[in-house]
Each structure stands twice: as structure tokens, then as C-alpha cells.
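Contents: one structure, followed by commentary.
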Amino acid sequence: MSNLPTTEALRDRARASLERIGVTIPEGDDLQARSPITGEHLFGLRATTAEQVEQAIGEATDAFRIWRTTPAPARGELVRTLGELLRTHKSDLADLITIEAGKIRSEALGEVQEMIDICEFAVGLSRQLYGRTIASERPGHRLAETWHPLGVVGVISAFNFPAAVWSWNTAIALVCGDAVVWKPSELTPLVSLAASHLLDRAIEQTGAPRELHRLLLADRTAGELLVDDPRVALVSATGSTRMGREVAPRVAARFGRVLLELGGNNATVVAPSADLDLALQGIVFAAAGTAGQRCTTLRRLIAHRDVADQLVDRLATVYGRLPIGDPFDENTLVGPLITDAAADAMAAALDRAQAEGGKIVAGGRRVETAGGAYVEPAIVRMPKQTAIVREETFAPILYVLTYDTFDEAVALHNDVPQGLSSSIFTRDQQEAERFLAADGSDCGIANVNIGTSGAEIGGAFGGEKETGGGRESGSDAWRAYMRRATNTVNYSSTLSLAQNVSFL
Ligand code: UN1
């Protein structure tokens, strides 16, 4: 492992990036900004109080009242400006993502690129919030639907995509005419301050209502206030299934809307006809990339018996050479886990996997170093899909299962509680299509000849079952951020009732 930067150097680098973006650090001692690179504290920060959360929701509600009548293409102008600022500060924001989330440089830049892309998408969308015109059954009537802004959107986001997930929600919500209150992960306050400040600058430049976006730097109680507040029309939450189980019924109890992006337990099927070179590359990026901390990370490899040994041998060789360490070092491919607790959870999962009959064939050890939680990504061959394999452990563990028939592969694939992302490597067109068919993969994302992670923003992102059912980002995911009105207009001079009802 290469030498790690000192915490002092990380602090200077963070301070310089924040200064270029224009952020003044709200120093205090309620919250800690830290870096998983050294595991040490960077800055003490002031938290948003419960009273300020209340106030922020009120201010956002007032801003929404103005924003909802601003023409959508004019709303797009704000998001276009945000996109331009993100381009200007791409490197600064990526620095902060590396410092606080531990992502390697290329992935941190990729995350900011994803933000720029969603801004572009949203700007286009601002002129395409189409409703349908529907054939009326009555003469002299027009039937149509109109999409209106929804209200205040509460965004709750996780540490692993500390900025991009906010931008998927916020860029779309803003063009849809909504206001946003954001409760980011406590683990990434500096990224949140930076992203939020760039939006504030865009708001100022375009003359949009100042309180259109509010940032809550606080612990989970602030998230709970958002969840329970009837002024928050939509709660869009990314995180664990456990969190989703708490959020969903509370929002439902007040008839609010939720958009949930929860756990994944993503699998790749490797068929006997697969191009193994391609599969190898796809698997390594999906399983070991981002140190296994994407919700789309590949966690289960379902390999045909004829190719499994060869594939696992080749994977183990690549795993043995994966450069682990300082995410700022351009040779590094695997940065730190977010906390010591994450490394402990990985070790506990590996113990359980072995107790359930698994055999570790690569990695799995903690890299001894002062500071951050660095681990060797692990490959574990399992005799069957045991209890631990059916759980999501947010760390780089790839469980390998083997299959004989395609039906068996699909059954194994779908036999987990989560349903986010999936893929198959095959050169057999029939198999590829069957994997994508109604009785194939049950996930929200199903791919052929690429891995499970790294989805483009143009498609709708999300999954089924315990993943929560929400769809964010591209395609028509915008509809979740608006309310639909069905309009019947009678332009005749007779009142005709639907369904041929006669009255009077
Ligand atoms: C997440 O891990 O919360 O598809 C989101 C991907 C990324 C998004 C992941 N575009 O891997």
C-alpha cells in the first residue's frame, strides 16, 4: 500500500476546494467532518437545530408558492446555471467526494459528471413535461391531463453517492416546480455544503427564490422531522432497507408520497457462451469498484458449472493485484471503506459465510495500516445461496454460486429479498432475451454483457421488492415529482353525462 496523505494535507485540500467553491465552513462542535482516508477528524461543524428544520420547511413552502408559477423553461434556466457551475467546479467537488467518501479520483469525477448529465437532462425536460390529450366519450368535450408542481421535496441521501443522488432528485424537482429540503448523510457534510452552495449561487445568478433549497446538516432526527411533516409532499430517501421500513409507513400515515432507493443484492449470471474477458472486466469493476459501496455493487456471481472454476481462478488472480490505498493516488483502484464499523461488518459477514460452508478464494483481510479502514475485496465460493448471501453487506464481498440450467440460474438470481440491479454475460441471444423477459430477472435494472453498476442517468433508476420500488433520474421518473390533474372541458352548450347517465 502506498503512503497515505496526512490528515493535515487532506484538511488543507478540503479547505482550498471549499474556498474556490465559495463555502464558508460553519465551524462549531455539533458535527464532525472526517475522512475515511485517514479515519480522522477534519473540521467541527455547527448543526441545524430542530427549530431551524421547521423554519427551513416553512421557507421552502413559501418559495414553492412562487416557483410553481414560474414557467418550466425558466425553471430550467436555474438548473442550466447549476450545471455550468458544476462543470467549473468539477475537480473541487470531486476532491471533496474523495476526501469524505473515499472514492478514487476517476469515480469521484464520474460522480460529478453524473450531476452535470442530470442537469442537462433536466433542462431538456423543462420543455417536455408533457401531459396527454385523451379522446373524450362525449361530444364537444376535451379530456386532457396537466402536470403541476407537487410541493416541497425532502431528499434524504447516503454517504456513498453524497452529491449525485441529491442532484438526480434536485435537478428534476426544480424543473418540475418543486422546492427541496435536503438531509444528507452525516458522513459527508462538506460535499453537501459545497453542492448546496453551488445551487445557492445558481439561484442568486438567475433570480430564483432564495429559499428554494434548504440544507439540513444534522443527525437523523432532522430526517424524521422531514418524514413526519405534512408540508413535505414527497420524501425521496436513499439508504438501507431498515431505514426505508421506518420511513415508508410514517409518510404513508400522513398520505405523503415516498420514493425509496434501498438495498440491493445484485447478481450477474455468467453463461457457458459468455465472452469471459468481457465478463471478467465487468465483474471486477462492479464487485470491487467503489470498494463495494454502491447500491448497484455486484454481490453475487452465478456462474455456469462449465466456466465457474476458470472464471473464479482468473478473478482471484486479478483480485490479488488490485491496488488498494490512497484514493488520490492515480494507481489505486480500491479506496477505504467508509468507517471501521463497515470493515467489522465485512469481517462478520465473512465469518458467517464460512460457517455456512463458504470458502474464501481471494482477499478478505483488513490491510493493516494506521488510519482508514482498508480491506482486500473478497471472493467467497458458496455451496448454495445461504442466509448471509441473501443479505446486503455494504462491503466488497463477491459470493460465487454455480448453476447447471438457465432456469436454475434465474431462480437463484431472483431468490433474494432485494431487486435493484442484475446482468447476464452470454452470447446466446435467446438466453439474453429470456433474462430480460417478464419471467426473467425481477430487478429494476437488467443488463446484458455489462455489469450491474454504473447506470447512465437517462434511464429510470431504482428497483423492486425490498429495494423500495422508487424510480429516480431519467426516463419519466419526473412524474413522481409532480401531481397530475385530469381536466374535462365542455365546449358545447349541452351537459352530457359520462356513461350515458341521464339526470334531470
Ligand atoms: C447508489 O449507489 O446509491 O448505477 C447509486 C450506479 C450509479 C448510481 C449508484 N449510477 O452505480
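Counting starts at 1 for both ligands and their atoms, following the listed order. From a predicted model like this one, the values you see are computed outputs, not experimental measurements.
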Can you tell which part of E114 has a heavy atom less than 4.0 Å from ligand 1: side chain, backbone, both or neither?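 Side chain only; the backbone of E114 stays clear of ligand 1.
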Using 4.0 Å as the upper bound for N to carboxylate O, is an ion pair formed by [Y] and [X]?
{"X": "R105", "Y": "D95", "result": "yes"}
{"X": "R220", "Y": "E246", "result": "yes"}
{"X": "D442", "Y": "K465", "result": "yes"}

Candidate pair F435 and H413, rule ring-ring contact (aromatic ring centres under 6.0 Å, His included), full reasoning: CA-CA 10 Å; F435 188 74; H413 177 276; 5.4 Å; yes
What about N160: any of its N or O atoms under 3.5 Å from an N or O on ligand 1?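 N/O-N/O distance below 3.5 Å exists for this pair.
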Please check whether F161 reaches ligand 1 - meaning an N/O of the residue sits under 3.5 Å from an N/O of the ligand, judged on distance alone.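 No - when backbone and side-chain N and O of F161 are compared with those of ligand 1, no distance drops under 3.5 Å.
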Donor-acceptor pair, distance only, cut-off 3.5 Å: does the side chain of N266 make one with the backbone of C295?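 At least one qualifying donor-acceptor pair exists.
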Any atoms of ligand 1 less than 4.0 Å from a non-hydrogen atom of F461? List them with their elements.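 Reading through ligand 1 atom by atom, the close ones are 4 (O), 5 (C), 9 (C).
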Show the atoms of ligand 1 that are less than 4.0 angstrom away from any heavy atom in S453.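 Those qualifying, in numeric order: 11 (O).
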In the protein, what heavy atom is nearest to [atom], and what distance, to one decimal place, separates them?
{"atom": "atom 4 (O) of ligand 1", "answer": "A455 N, 2.7 Å"}
{"atom": "atom 6 (C) of ligand 1", "answer": "G454 N, 3.2 Å"}
{"atom": "atom 11 (O) of ligand 1", "answer": "T296 OG1, 2.6 Å"}
{"atom": "atom 1 (C) of ligand 1", "answer": "C295 SG, 2.6 Å"}
{"atom": "atom 7 (C) of ligand 1", "answer": "R294 NH1, 3.7 Å"}

Could you point out which residue of E114, E107, E392 forms a salt bridge (charged side-chain N to carboxylate O under 4.0 Å, His left out) with R294?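 Among E114, E107, E392, the one meeting salt bridge (charged side-chain N to carboxylate O under 4.0 Å, His left out) with R294 is E107.
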Which word best sums up how the rings of W166 and W182 line up, parallel for under 30°, tilted for 30 to 60°, or perpendicular for over 60°?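 W166 and W182: parallel rings.
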Test item, W168 contacting ligand 1 (heavy atom, 4.0 angstrom):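 Flag set, W168 near ligand 1.
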